[in-house]
Amino acid sequence: MSTAASVALRPEWREPLQPEFDADYMAQLRAFLVAEKAAGKTIYPRGGEWFRALELTPPEAVRIVILGQDPYHGPGQAHGLCFSVRPNVRIPPSLVNIFKELEADLGIARSCHGFLDHWARQGVLLLNSVLTVEAGQAASHAGKGWERFTDAVIRIVNEREQPVVFLLWGAYAQRKAAFVDRQRHLVLTAAHPSPLSAHNGFLGCRHFSQANQWLADQGVSPVDWALPAV
């Protein structure tokens with residue numbers, strides 16, 4: 001992971017992110033991850049999916065950014081997209097609430113699966129702040145360098161001329177993207193969709209319809225939020 005080329009990033013991300021891969025903090029992060037694996041610890045998601053969000057959503061395609069915190073830490077869940085789980089995996093509570101809001105907002109029936117690749121392939125950047133986690137240990141890789149790397153990803157999107165919608169759910173996401181240019185981009189904030197906070201402003205926020213309407217007003221195609229069967 002010491003160079004962007006070694007993780008097979010698409011060139012549209014690799015070139016602007018090269019200074020991050022060349023930085024000392026990234027070498028330290030790589031050493032930490034190598035040591036964790038050498039100690040026999042299980043890391044989610046698997047190595048080939050750490051940058052899955054960037055793989056599916058090139059910078060020029062980004063229409064909407066949704067920020068998460070760190071990957072799910074249960075077996076078979078995380079695959080590199082925030083809030084998303086693999087097909088045939090139980091839908092986590094936060095994503096259940098996201099689907100509830102989609103249904104209330106846009107009339108989209110709740111999906112029977114939580115696999116959000118369909119969103120990512122349409123330009124919804126589903127980015128966690130931290131891209132890895134130890135199995136069973138939430139936030140175990142926080143503060144190891146991933147946050148600096150994902151800040152750089154957000155800066156790249158922020159600096160684009162094309163207007164983008166940022167959906168910032170919860171205080172953590174709102175702090176992380178506080179520098180986003182609100183003159184150029186639309187920033188929508190609400191409580192986190194977790195069951196602990198969803199009733200404090202996430203449910204009823206109507207972010208999906210607002211995002212699509214704003215994109216349409218900018219001459220950008222809206223997102224089809226309905227998930228196909230898998």
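Position 1 is the first residue of the sequence, and the numbers go up from there.
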Ring centroid separation for [X] and [Y], is it under 6.0 angstrom?
X	Y	value
Phe51	Phe149	yes
His185	Phe166	yes
Phe115	His79	yes

Quick one: pull up [atom1] in [X] and [atom2] in [Y] and give me the separation to the nearest 0.5 Å.
X	Y	atom1	atom2	result
Leu215	Leu186	CG	CG	8.0 Å
Phe179	Arg155	CZ	CZ	6.0 Å
Phe202	Thr189	CZ	OG1	12.0 Å
Leu56	His118	CG	NE2	12.5 Å
Glu134	Glu36	CD	CD	6.0 Å
Lys41	Ser140	NZ	OG	8.0 Å

Nearest atoms (heavy-atom pairs only) where [X] meets [Y]:
X	Y	answer
Asn158	Asp181	OD1-N, 2.8 Å
Ser194	Ser94	CA-OG, 3.3 Å
Ile156	Pro59	CG2-CB, 4.4 Å
Ala211	Leu188	N-CD1, 4.3 Å
Tyr44	Pro75	OH-CA, 3.3 Å
Pro45	Ala78	CB-O, 3.5 Å

Is the count of non-hydrogen atoms from other residues, nucleotides or ligands lying under 6.0 Å from [X] atom [atom1] greater than 12?
X	atom1	value
Asn88	CG	no
Arg46	CZ	no
Arg160	CZ	yes

Are the side chain of [X] and the backbone of [Y] linked by a donor-acceptor contact shorter than 3.5 Å?
X	Y	result
Thr57	Ala120	yes
Arg63	Ser221	yes
Asp70	Leu131	no
Ser111	Leu227	no
Arg206	Leu102	no
Asp105	Ser209	yes
His113	Pro228	yes
Ser84	Gly114	yes
Gln77	Arg90	no

Using a 4.5 Å cut-off on heavy atoms from C-beta on, say whether the side chain of [Y] contacts that of [X].
X	Y	value
Val89	Tyr72	no
Gln162	Val220	yes
Asn128	Phe83	no
Val180	Val164	no
Lys100	Leu203	yes
Gln122	Trp225	no
Phe32	Gln28	no
Leu33	Ile43	yes

Qualifying residue for side-chain hydrogen bond (donor to acceptor under 3.5 Å, both in side chains) with Ser129, from Arg175, Lys176, Arg148, Glu147: Lys176
Sequence neighbours excluded, the answer for side chain to side chain contact (heavy atoms under 4.5 Å, CB included) partners of Ala53 is Leu81, Leu125
Do [X] and [Y] share a hydrophobic cluster (ILVMFWY, side-chain heavy atoms under 4.5 Å, transitive)?
X	Y	result
Leu106	Trp214	yes
Leu127	Val85	no
Phe208	Leu67	no
Leu167	Phe99	yes
Ile66	Leu168	no

Side chain to side chain contact (heavy atoms under 4.5 Å, CB included) for Leu126 and Val124? Distances and angles first, verdict last. CA-CA 6 Å; Leu126 297 167; Val124 181; 3.8 Å; yes
Run the salt-bridge test on Glu15 and Arg10 with the 4.0 Å N-O cut-off and return the result as yes or no. no
Asn97 and Glu101: side-chain hydrogen bond (donor to acceptor under 3.5 Å, both in side chains), yes or no, with the steps? CA-CA 6 Å; Asn97 284 329; Glu101 179 57 25; over 6 Å; no
Residues at least two apart in sequence or cross-chain that pass side-chain hydrogen bond (donor to acceptor under 3.5 Å, both in side chains) with Asp24, listed by chain then number, are none
State, without any angle test, whether [X] and [Y] hold a side-chain donor-acceptor pair at a distance under 3.5 Å.
X	Y	value
Glu20	Tyr25	yes
Gln213	Asp217	yes
Trp169	His207	yes
Thr132	Trp146	yes

The criterion is salt bridge (Lys or Arg N to Asp or Glu O under 4.0 Å); which residues satisfy it with Arg121, sequence neighbours excluded? Asp117
